[in-house]
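Here's the structure, in structure tokens; my notes come after.
Note that the coordinates shown come from a computational prediction; the quantities given were computed from them, not determined experimentally. Naming convention: chains lettered A, B, ... in sequence-line order (proteins, then strands); numbering from 1 in each chain.
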Amino acid sequence: MEYEDKAGRPSKPPSPKQNVRKNLDFEPLSTTALILEDRPANLPAKPADEAQKHRQQYEEMVVQAKKRELKEAQRRKRQLEERCRLEESIGNAALTWNNEILPNWETMWCSRKVRDLWWQGIPPSVRGKVWSLAIGNELNITHELFDICLARAKERWRSLSTGGSELENEDASFPAADREASLELIKLDISRTFPNLCIFQQGGPYHDMLHSILGAYTCYRPDVGYVQGMSFIAAVLILNLDTEDAFIAFSNLLNKPCQMAFFRVDHGLMLTYFAAFEVFFEENLPKLFAHFKKNNLTPDIYLIDCPQSNLSGKIYFVPLLTPAGGRVLWTPQSPAAPAGCFCPPQTLSSVCLLTSRPAPAAEQARSRIFTLYSKSLPLDLACRIWDVFCRDGEEFLFRTALGVLKLFEDILTKMDFIHMAQLLTRLPDHLPAEEFFACIATIQMQSRNKKWAQVLAALQKDSRETEKGSPPPRH
Amino acid sequence: MAKQYDVLFRLLLIGDSGVGKTCLLCRFTDNEFHSSHISTIGVDFKMKTIEVDGIKVRIQIWDTAGQERYQTITKQYYRRAQGIFLVYDISSERSYQHIMKWVSDVDEYAPEGVQKILIGNKADEEQKRQVGREQGQQLAKEYGMDFYETSACTNLNIKESFTRLTELVLQAHRKELDGVRTRASNEMALAELEEDESKPEGPANSSKTCWC
């Protein structure tokens, strides 16, 4: 649309060189700055043949530019069609999920058909529901429990803001100081959660939700408290669920063994996970594995999510600590959205499309249009990984990591330690989604007929036994 | 491939969460400043080559997570460092007090002879200042460190402090460096140095006087 607009009306006022331009049916955008002029009056005029030559050259340039523009226009058209097709298939999938799968969840969720559909990505409109169901609620958290925890958290915030400074000095050496530090850290981190989206920051629409969930969690699990990285997980859940359900999913997700190990920084268990990962790494990508070994690049360096430091909005990495969360960012690319940090309301509405909240019809139509124009790959991609993570559990996080390694295998084999570490902690802006998932699909999570869980269990048993026996001297 | 640098060091940034470690780093390596960074989890990497005393020094800078919980992880990186920035925020008394704890961590986990430098960041936030300049100087003196007040925002003392720490590391390793140079200042010796880096760095290695 936008293209035709621009192409339709010449953006320059008529110039003295009308005669040159007249026979062009449209003005190529990229040559609007290129105008063929005669020499200024105070200089001798060009010789006729030179003028002729220049005109010819100019016309050639314009023709070239026009060709490029046309190609670009075709590309955009194809892209638009592709997106329409995608939207349609998402619409169809949403119907299947809503009408067939969700009503028969217990019997259907592990069927082949559903698993295949699941792999394609869950439609945003049912995503929250599916995640909730798949994560489950082993902890039996109720909405009331959330309210109680939240009330307690609010109590604490109040006491912190009224008598905060005194408390701080008195309790400096008590665990209470830790809790305070936790609450302060939450505040600090909320401002650093998807800063580009501008929806979680102070004054943003999801600020209070994020604050509530993280605060309530520190009251629900004071033994775990707030750990950096959690804010991203909560944020991704908030984009797809209501506050209470996001809290339930959040608490249950963090309660899974793998997440617990990493958020409590249980170093021994983390090492076991890394060891298991390396088993599959060697199995799937032996050459790269050898290269990593040679360069002494260990999983603790590249598997722990390390959200990158620049702002440009390419965040996504191996979703270990934060299942894909730490590195998700949604980059607005619609013509309406500026590349900068401030998101106009339209941008927000297309983010809302990712939520499960039933949107009014008009809103839905609007959002739909915006997804046609806005490319939300990074967040989409991260959500797709969460989708399959919900289906397959922790092993998928490691499988994804191997998929990343596979995707970059050729480049990585040519790199030294620091470049590899840099690449892996700061993946490029746009991972090609399909290619990436194709890479993940090639990763076999079987090693000598043993599945992930078996390999992990065996390694855990080993490490327990070593502990029981003569503990190996560390350092 | 011709070497773009003569020596390589690792520098580490540590300090409480939110004191501006990542900002310092971005300002130094890319001359960029963003007020809204994302919290660092685990460790992040940047590198830059600078010239000190005619020696091209490639520095790898490891940026760590500030939260206490992550120290089990970040500690692992201490022993690979030759130089460490201890960073606090002049607008946060707490981050200043915690420097003591960070120093003791360094003493415990970093290799002997590691060079340290104290940084009071966010010096542009004068109206929010909680830690006086003298306090910083005093603390630095106690621990025998150099001290800089910096601002990643206004680009105050960034280059200076990174260069200073690099100089200190160079000085501390002067002997080895001279060795390298007298051995005919040839490529081979440098390459040797280079090779060290790719060797496994088990704890056993740390006792060796090794650059990397």
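- Across all their heavy atoms, Q422(A) and K46(B) have their closest contact at NE2-CA, 3.5 Å.
- Here CZ of R80(B) is found 4.0 Å from CD1 of I301(A). Values are rounded to the nearest 0.5 Å.
- Between the Q67(B) side chain and the Y226(A) main chain, a donor and an acceptor come within less than 3.5 Å of each other.
- Taking CG from L185(A) and CG from D16(B), the interatomic distance works out to 9.0 Å, rounded to the nearest 0.5 Å.
- Neither the backbone nor the side chain of S231(A) comes within less than 4.5 Å of any heavy atom of chain B.
- More than 12 heavy atoms of other residues, nucleotides or ligands lie within 6.0 Å of NZ in K101(B), so this atom counts as buried by the packing criterion.
- The distance from atom CD of Q60(B) to atom CD1 of I418(A), rounded to the nearest 0.5 Å, is 3.5 Å.
- Most heavy-atom pairs under 4.5 Å with chain B, from the set D189(A), V227(A), T193(A), L188(A): that is V227(A).
- Between F417(A) and F45(B), the angle of the ring planes goes over 60°, which puts this pair in the perpendicular group of the 30/60° scheme.
- Side chains of S17(B) and R192(A): a donor-acceptor N/O pair is present below 3.5 angstrom, by distance only.
- Around the NZ atom of K187(A), the shell of radius 6.0 Å holds no more than 12 heavy atoms that belong to other residues, nucleotides or ligands.
- D300(A) touches chain B through backbone and side chain together, each having a heavy atom under 4.5 Å away.
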